[in-house]
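Take a look at the structure set out below.
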Amino acid sequence: MQVETSSSKYGIKHYPDAIREWKKEGNYFCFYTTETILEVRVIADKIIRFRYAADGTFQRDFSYATSDTLEESPIVFGIKEWEETFEIYTDALKVFIARDNLRITITDKDGKVINQDEMGFHWQHYLQKGGKIVYCSKLVQEEECFYGLGDKPTDLNLRGKRLENYGTDAYGYQKDTDPLYRNIPFYYGLHNGIGYGIFFDNTFRTIFDFGKEREDACSFWARGGEMNYYFIYGPELLDVAASYTRITGTPELPPLWTLGYHQCRWSYYPDSRVREIAAEFRKRQIPCDVIYLDIDYMEGFRCFTWSKEYFPDPAGLIRDLAAQGFKVVVIIDPGIKVDPEYSIYQEGVKNNYFCKRADGALMEGDVWPGKCVFPDFTNPEVREWWSSLFKGLAETGVRGVWNDMNEPAVFEMGTFPEDVRHDYDGEEVSHRKAHNVYGHLMSKATAAGMKKYLLPNRPFLITRSCYAGAQRWSSVWTGDNVSSWEHLWLASIQCQRLAVSGLSFAGSDIGGFIGEPDGELYTRWIQLGAFHPLMRTHSASNETGFNQEPWSFGPDYEKIVAKFISLRYELLPYLYTTFWQYATHGTPMLRPLAFVAQHDPATHNCTHEFMMGDALLISHVSEEGMKEKAVYLPQGQWYYFWNDTVYHGGQQVTVATPLEEMPLFVKAGAVVPRYPVMQHTYETPITEMLLHVYYGDTITQSTLYEDAGDHYGYKNGQYNVINFKQASSTEQFMLKKKYFVNYETTYSHHRIILHGLPFKAGTVLIDGEPLTLTAEHHLPDGTISFIADRGFENITIHKA
Ligand code: GLC
């Protein structure tokens, strides 16, 4: 018998009774109660997967989120039987399962509680719609903070909130609007210096309550499917992030140009306007690599067509832009216009590729082209077909695709009704199960097509909706935001949150999509965007004719905007290295302060400050007319980027914020690689790689990763990883370099720019060779600049 207690408007909740039997097979254990089964799978020392079959039968074990390369590890683990519990242990964890009710307590090796069930696994019949609602509830630990969950536009710490995942076209969303576009059912807990994560891999509508309903309970549930979650132990939050990203998959390296500046608008047309925009960037010497074509490039909004009137020669246009160093990204929506004359519509109807209602009629709804039908991307055959449609675009020269409206969005109805049928890779389900993966699988199929037809070039994808794991093939943006100061703050929060939710390659519509920013807001937004993995201006100015380009706000603003876009280009090797760390280890590119200094409670609710990579700490100017800003710095020493003033961390410091500066700090000890300013990536071959070295008196490691920036040679080892170690003292500066080099760079030397040397420099020894510093090595800003061969291994400077 099931134990039946408590009821809610959905009916009685059912709880498991005592364990009757158990078994072990390979790396998993099954515990049987009268009617239910709990499976506990040891994925790794620090990763345990729990599945609970509320009706005694497991559903198909299938996931659109997890990576194919997720290995179930053969590490040390075992089971012990105690009077009241079973204990499954690994080298890092102990998982206790209560014999009476399957409640779980997870501790570290020393018995410190990491996570503990409150009511644990339970469920109830979903009386209105059929199936079961599956629940799990945990105890909130003392002072516990919660993070994660994708793109939620709310404070970073989610304690006290209830949030939901059901992809929504949230045009003009505001602070606390929920749900938004993405569905990332993954959260972190942090208490007593211990960090862990829970990834609830369930594609139905999922809901998370972080102590809102009951202060001491954190619960999550889904309106269907299975209670199926991965528990990930840190204790460092950044390690949890890396493990989560490995579970759901790391991306390939993007082409370097995608880390440049992107210019977008709804819409640049006709072709002459696109040419004008491109020419303007070059004339004004504002770097830019990417121009987007929004829906108006198509013929009557029919996907995979070009407007004969506005874009009579797309290949010619793209070729000319390419000659000036621009790549073109085009939008592709899921809605296919109902038009018997249109080949894509014909093919889809003929082959049964479009979604149908429960009664067998086509799912029809209005989007930009008018009445549309929608491919069922959960069908592998449809994905294959969809991928094949990108051949033409790739041959025309298009280098990236922007997938939009794929929550899926339908005018008036909002989205599909729940009765719509989906293949779901052979399972045949209703929209309730497929909704949260619709855009995910659209972008997956798009990426596969673009990758195939662009070879040997790397593709670029950007999608609005997705499920956990889309980082494997796509970048994202935060959707239809608004030109307001509050939205600038939201952009910062959302990109940080996306980064720790596996989706580092994210940005916001700089300046805001809806509305018109003034020059100050636009400039402040460019400053923040310069430190987001994806830097794109976009606006919906098609109706008002308002312009949102870097030069639209007059020369004073333009100069500052150009300065920050240029700085982004100088930082490209640093950004690319940070991307490589993410792609290789799963480390988020943006790191909220709580993730870099979790032992310092002062960081737990910091929302304005974050780190981009290992060395840069950023805080954006968040209010109109702001003259100065208080910034919390974690332990350690920090250089103020603009004047090399050194600050001690572990406190709040206040810095002046004239419009041409923003709070930007560099960690002492770091080596920050920089390129000379370019108008676009590969404008000219790099002849000198700058290494900005910030003196520090504790041992500090830094990395530089480099490869061709496109193609897949790096997968065959054609790359360089250069590790720097600074081990300086108050008497001596010392920088060591160790490297793996297998890629021939175009530069043969480094220019070292040394910041903050606290003593008068004597002779410089580069691999033992003396270099006498003269006046010209001492720059007016106080730095020391000299050249070292690319192959140097050791630089020492003694006190004079
Ligand atoms: C949606 C997108 C927006 C795009 C517009 C027209 O609102 O979010 O970025 O410009 O559609 O395609």
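As the structure lists them, so they are numbered: ligands from 1, and atoms in each ligand from 1.
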Given that the side chain starts at C-beta and the backbone is N, CA, C, O, which of these parts of W402 lies under 4.0 Å from ligand 1, counting heavy atoms, or is it both or neither? side chain
Quiz question: by atom type and distance under 3.5 Å, do the side chains of E347 and Y345 form a donor-acceptor pair? no
Under 4.0 Å between heavy atoms, the region of F513 that gets near ligand 1 turns out to be side chain
Would you mind checking which non-hydrogen protein atom is closest to atom 7 (O) of ligand 1, with the distance to 0.1 Å? D480 OD2, 2.7 Å
Any chance CZ of F411 has more than 12 other-residue heavy atoms, nucleotides or ligands included, within less than 6.0 Å? yes
Who gets closest to atom 2 (C) of ligand 1 by heavy atom: I514, N481, D404? D404
Check for me whether the distance between the ring centres of Y424 and Y64 falls short of 6.0 Å. yes
Sub-4.0 Å atoms of ligand 1 with respect to non-hydrogen atoms of I331: 12 (O)
Roughly how far, to the nearest 0.5 Å, is the NE2 atom of H538 from the CZ atom of R265? 10.0 Å
Do you see a donor-acceptor pair shorter than 3.5 Å between the side chains of Q679 and Y569? no
Looking at K452, I want to see if its NZ is surrounded by more than 12 non-hydrogen atoms of other residues, nucleotides or ligands under 6.0 Å. no
State if W368 counts as touching ligand 1 under the rule of any non-hydrogen atom under 4.0 Å. yes
Where ligand 1 meets D294 - atom numbers and elements under 4.0 angstrom, heavy-atom basis: 4 (C), 6 (C), 10 (O), 12 (O)
Are any of the N/O atoms on H538, whether in the backbone or the side chain, positioned under 3.5 angstrom from an N/O atom of ligand 1? yes
Distance filter under 4.0 Å to R464 heavy atoms, resulting ligand 1 atoms: 1 (C), 2 (C), 7 (O), 8 (O)
Between the side chains of H422 and D376, is a donor N or O closer than 3.5 angstrom to an acceptor N or O? yes
Per-atom filter on ligand 1: closer than 4.0 angstrom to a heavy atom of W477 are 8 (O), 9 (O)
